[in-house]
> 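Supplied in structure tokens, the structure appears directly below.
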Amino acid sequence: MPELPEVEIVKQSLEKSVKYKRILTIIINNRNLRFKVDKFLQNKLKNKKIISLYRKAKYLILELENKKFLAIHFGMSGTLHLLRQGMKNNTNLSFYKDKNLPSKHNHLIFVFDQFEIIYNDPRRFGFIKFFENNISLKNYLSSYALDPLDINFKFTDFQKKIEKRNKNIKNILLDQKIVSGIGNIYASEILFSSKINPLILGKKLKLYQIKNLYKYSKIVLKNAILKGGSSIRDFKNVVGKKGLFQKEFKVYHRQNETCNNKKCNYKIKKILISNRSTFYCKNCQK
DNA sequence: AAGAGGCCCTGATAGC
DNA sequence: TGCTATCAGGGCCTCT
């Protein structure tokens, strides 16, 4: 589910339910995520109230009472499921019956008074980190660049990071140390809107092209959030609602289909860049 | 120091 | 139908 818009949708759909609610306990079924889940996580979260939720890049951050924090990264296949009481199943665990809840890979369960939140992740590329204070969280996040929707994301900083780079702009957009939050889908979509060929090197870009990237990275991500994110495969928000942005893809997953731009009849191409699928229009993106 | 590629893992789908 | 191969919204680590 995992690029910036999908994490934002998870945050938005979860917020009302968990804000100011207390985590009674957590159940850890499998500690083997991308990084091993903290042995003492249960003790650290037990009876902690959630003060606020926010998103940084592709991280969902839970602020807990006494300035503790929990950061969740969804990797490639992580999802959260909100399950309310009254949907209770009769299994031995405290699971609740829900058609959206997969039967396998429910690695973590956050137990609240009236509901549970389940972290599911088949590929286990996601991870969860606990932070004892604001400083350690900030320190951890400081190794990432700002994301395009951050109010402090400034054009001159973005330009400086790109203009001397000897790597292609697609990989630049995926580099979380240059700009965070963009993944494989939105990199292709942003490049199409910016009319930039994904293979062009950062140092070859003209000023107006970097301006376009700065502009459309915001526009494309914001629009995706407005549409509820992209539900290719199985992304849903925490109560099982699908996003609609996949219907608006201009290039992603559209290989051999005709370019959407008026007066262009080229077919969308699919190429591999660093072994990841990349989609673009050879005619519209120079 | 920066860039390219391998690798972690499971499941869905395509192709034979 | 049933096997195998390929491909997935990510990012860390290693090698050059």
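Letters A, B, ... mirror the listed sequences (proteins, then strands); counts begin at 1. These numbers come from a predicted model, not from an experiment. We use all heavy atoms of the structure for the numbers below, so side chains are in, but hydrogens, waters and symmetry mates are not.
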> Which nucleotide in the list C:dG10, C:dC7, B:dG11 gets nearest to the side chain of A:Ser277?
C:dC7
> Within residues 31-39 of chain A, find the residues that approach DNA chain C with a heavy atom at under 4.0 Å, and present them sorted by residue number.
A:Arg34, A:Phe35
> Could you tell me if A:Lys58 sits above the aromatic ring of A:Phe74, with its cationic atom closer than 6.0 Å to the ring centre and no more than 45 degrees from the axis?
no
> By nearest atom, which of the nucleotides C:dG9, C:dC12, B:dG11 is closest to the A:Tyr144 side chain?
C:dC12
> Looking at A:Asp38 and A:Lys44, is any side-chain nitrogen of the basic one under 4.0 Å from a carboxylate oxygen of the acidic one?
yes
> What integer distance in Å separates A:Gln246:CD from C:dA8:P?
17 Å
> Salt bridge or not between A:Asp150 and A:Lys56? Use side-chain N to carboxylate O under 4.0 Å.
yes
> Could you check which nucleotide pairs with B:dC7 in any of the strands shown, counting Watson-Crick or G-U wobble with both distances under 3.5 Å?
C:dG11
> Let me know the distance between CE of A:Met76 and P of B:dG11, rounded to the nearest Å.
15 Å
> Give the minimum heavy-atom separation between A:Tyr280 and A:Val251, together with the two atoms involved.
CA-CG1, 4.1 Å
> Reckon A:Asp121 touches a base, only the sugar-phosphate, or nothing at all at heavy-atom distances under 4.0 Å?
nothing
> I'd like to know if A:Arg123 reaches the base of C:dA8 with its side chain, counting only an N/O donor and acceptor under 3.5 Å.
yes
> Please enumerate all residues that pass side-chain contact (heavy atoms from CB on, under 4.5 Å) together with A:Lys267, with sequence neighbours excluded.
A:Thr258
> From B:dT10, C:dG10, C:dA8, pick the nucleotide closest to the side chain of A:Tyr252?
C:dA8
> Nearest to the A:His73 side chain among C:dG9, B:dC9, C:dG11, which nucleotide is it?
C:dG11
> Under a 4.0 Å threshold between the charged nitrogen and the carboxylate oxygen, would A:Glu8 count as salt-bridged to A:Arg55?
yes
> Strictly below 4.0 Å, N to O, side chains only: are A:Glu116 and A:Arg84 in salt-bridge contact?
no
> Given ring pair (Phe, Tyr, Trp, His ring centres under 6.0 Å), test A:Tyr59 with A:Tyr144 step by step and report yes or no.
CA-CA 11 Å; A:Tyr59 285 89; A:Tyr144 289 84; 5.4 Å; yes
> Which residues within residues 149-188 of chain A lie with some heavy atom under 4.0 Å of an atom in DNA chain C?
A:Gln176, A:Gly183, A:Asn184, A:Ile185
> In terms of base orientation, is B:dG6 syn or anti, with the syn window spanning 90° either side of 0?
anti
